[in-house]
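What follows is a set of notes on a single structure, which appears directly below.
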Amino acid sequence: MLKENLLQMKSEAEKRIEEAKSVAVIDEIRVEFLGKKGKITEILKGLKDLSVEEKKELGKLANEVKTEMEEKINRAIEVVTEQEIEEKLAKENFDITFPGRECPKGSLHPVTVVQRRAEEIFKGMGFMIADGPEIETDYYNFEMLNIPKDHPARDMQDTYYLSTGNVLRTQTSACQSRFMEKVKPPFRMIAPGRCFRNEAMDASHENTFFQLEGMMVEKDLSIANLVYIMKTLLSEILERDVKVRLRPGFFPFVEPGFELDINCLLCGGTGCPTCKHSGWIELLPCGMVHPNVLRAGGIDPEEYKGFAFGVGLTRLAMMKYGIHDIRELNSGDLRVLNK
Ligand code: FA5
């Protein structure tokens with residue numbers, strides 16, 4: 001009796017599955033036959049009252065019916081889903097040849113654009129590109145650059161100290177020493193990267209900004225070579241004539257040292273908050289490498305001379321694109337980022 005019931009249910013369910021036209025209807029059939037209170041489930045519950053022999057025979061059959069039915073249901077769902085999609089597509093009249101709608105494209109950050117352009121310019125002049133860590137040891141960031149502990153020059157570059165004693169580097173000059181340890185002169189190198197300082201923020205000062213270090217070491221070099229390289233960089237990047245001024249500047253790792261300022265391109269030199277109303281922007285400190293620094297890098301200052309410079313890349317980007325406040329560069333404002 002149970003056996004007949006089971007087989008009859010099987011053929012009934014199969015017929016209905018074949019006829020079903022939607023996933024929802026197939027799901028209803030699943031619940032009706034295989035659900036917790038479904039017809040097949042009920043039969044399986046009745047097995048407990050049968051003899052051992054009958055239990056064996058019917059139990060096996062019931063499980064086979066159940067598995068077969070599950071497979072049929074799953075297959076039917078696949079077929080019906082496919083049909084539903086095809087019907088929908090046919091109704092929607094979707095034209096796959098229709099041209100797409102244009103999305104606004106992203107762009108490189110202005111500082112990245114300037115950094116990449118500077119790299120190209122320096123590569124063209126035979127400079128190698130070096131890198132260094134943003135978390136730096138006190139030794140490379142200060143000591144090897146002729147700035148021992150307790151030197152007053154440390155006050156000009158207060159930074160963030162880690163509990164390990166390391167610092168967030170204040171200047172890409174830290175790359176000079178690392179480079180000299182690896183490469184023998186003569187050489188020309190640049191090292192662009194992020195720097196950090198603990199200082200009050202204003203229109204031209206951020207606590208995180210970009211510099212580009214440059215260093216050239218050869219047997220015969222002079223300040224004239226240095227000025228030529230600086231002028232080439234500025235005219236190529238800014239693509240216009242700019243007025244520059246060279247004045248003495250103190251950095252313990254160069255002697256003599258200079259500050260190369262450019263006429264503020266935001267106000268044309270008449271004075272604005274970005275140039276602190278002076279008409280000039282401090283952009284490019286530089287100088288002839290101090291003999292102590294060459295010596296610390298294993299280079300004989302009697303044999304070789306060097307010059308070094310540290311371009312304020314973030315400020316250079318501000319000048320190029322007419323950005324009046326350094327903080328705008330980190331604001332995510334598309335009017336600034338799309339420049
Ligand atoms: C230095 O950092 C030296 N290492 C540069 C140098 C290299 C001198 C090699 C001699 C030889 P200074 O502290 O002036 O120098 O910083 C260099 C440039 O980085 C500045 O002219 C400025 O353009 C930029 N700069 C410095 N501090 C900030 C800041 N807080 N926000 C944005 N730009 C900054």
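Indexing begins at 1, ligand by ligand and atom by atom, following the structure's order.
- In this structure, M215 does not count as a contact residue of ligand 1, since none of its heavy atoms falls inside 4.0 Å of the ligand.
- Among all non-hydrogen protein atoms, the one lying nearest atom 9 (C) of ligand 1 is E213 OE2, 3.4 Å.
- The shortest separation from a heavy atom of C286 to ligand 1 is under 4.0 Å, placing the residue in contact.
- Ring centroid separation for the pair F122 and F309 comes in under the 6.0 Å cut-off.
- With salt bridges taken as basic N to acidic carboxylate O contacts below 4.0 Å, one links R117 and E120.
- The atoms of ligand 1 that sit less than 4.0 Å from any heavy atom of L283 are 21 (O), 23 (O).
- With no hydrogens or angles considered, a side-chain donor-acceptor pair links Q176 and E213 at under 3.5 Å.
- Taking each of R197, M156, E199 in turn, the one with a heavy atom nearest to atom 30 (N) of ligand 1 proves to be E199.
- Contact annotation for S173 and ligand 1: only side-chain heavy atoms (C-beta onward) come within less than 4.0 Å of the ligand.
- Taking the six-membered ring for Trp, F187 and F179 have ring centres closer than 6.0 Å.
- In this structure, R169 is not positioned above the aromatic face of Y140 in the sense of NZ or CZ being under 6.0 Å from the six-membered ring centre and within 45° of the axis.
- When only non-hydrogen protein atoms are considered, atom 5 (C) of ligand 1 lies nearest to P285 CG, 3.6 Å.
- Listed by atom number, the atoms of ligand 1 under 4.0 Å from Q157 heavy atoms are 1 (C), 2 (O), 13 (O).
- In this structure, E84 and V23 have side chains that are in contact, with non-hydrogen atoms separated by less than 4.5 Å.
- Residue contacts with ligand 1 leave out G214, since none of its heavy atoms falls under 4.0 Å from the ligand.
- One finds a salt bridge joining E303 and K219 here, because a Lys/Arg side-chain nitrogen approaches an Asp/Glu carboxylate oxygen to under 4.0 Å.
- The closest heavy-atom contact to atom 6 (C) of ligand 1, among the options F250, F209, F253, comes from F253.
- In terms of protein heavy atoms, atom 3 (C) of ligand 1 is closest to Q171 OE1, 3.6 Å.
- A salt bridge links E14 with K10: the distance from a Lys NZ or Arg NE/NH1/NH2 to an Asp or Glu carboxylate oxygen falls below 4.0 Å.
- Evaluated by nearest non-hydrogen atom to atom 31 (N) of ligand 1, the leading choice among E206, Q211, E259 is E206.
- Given atom 15 (O) of ligand 1, the protein heavy atom at minimum distance is F251 CE2, 3.4 Å.
- Ranking the protein heavy atoms by distance from atom 24 (C) of ligand 1 puts G312 CA, 3.8 Å first.
- Side-chain atoms of N166 and T137 include no donor-acceptor pair closer than 3.5 Å.
- Residue-level proximity to ligand 1 for R315 is carried by the side chain, the only part with a heavy atom below 4.0 angstrom.
- A heavy-atom separation below 4.0 Å is found between I326 and ligand 1.
- Salt-bridge formation is detected for the pair R16/E32: a Lys NZ or Arg NE/NH1/NH2 atom is positioned less than 4.0 Å from an Asp or Glu carboxylate oxygen.
- A side-chain donor-acceptor contact under 3.5 Å links E206 and N330.
- In the model, T81 has no side-chain atom that pairs as donor or acceptor with a side-chain atom of E78 under 3.5 Å.
- Contact atoms of ligand 1 toward E282: 21 (O), 22 (C), 23 (O) (distance under 4.0 Å to a heavy atom of the residue).
- Short contacts between ligand 1 and G310, defined as distances under 4.0 Å to a heavy atom of the residue, involve ligand atoms 5 (C), 6 (C), 7 (C), 9 (C), 17 (C), 18 (C).
- Less than 4.0 angstrom separates some heavy atom of S204 from each of these atoms of ligand 1: 31 (N), 32 (C).
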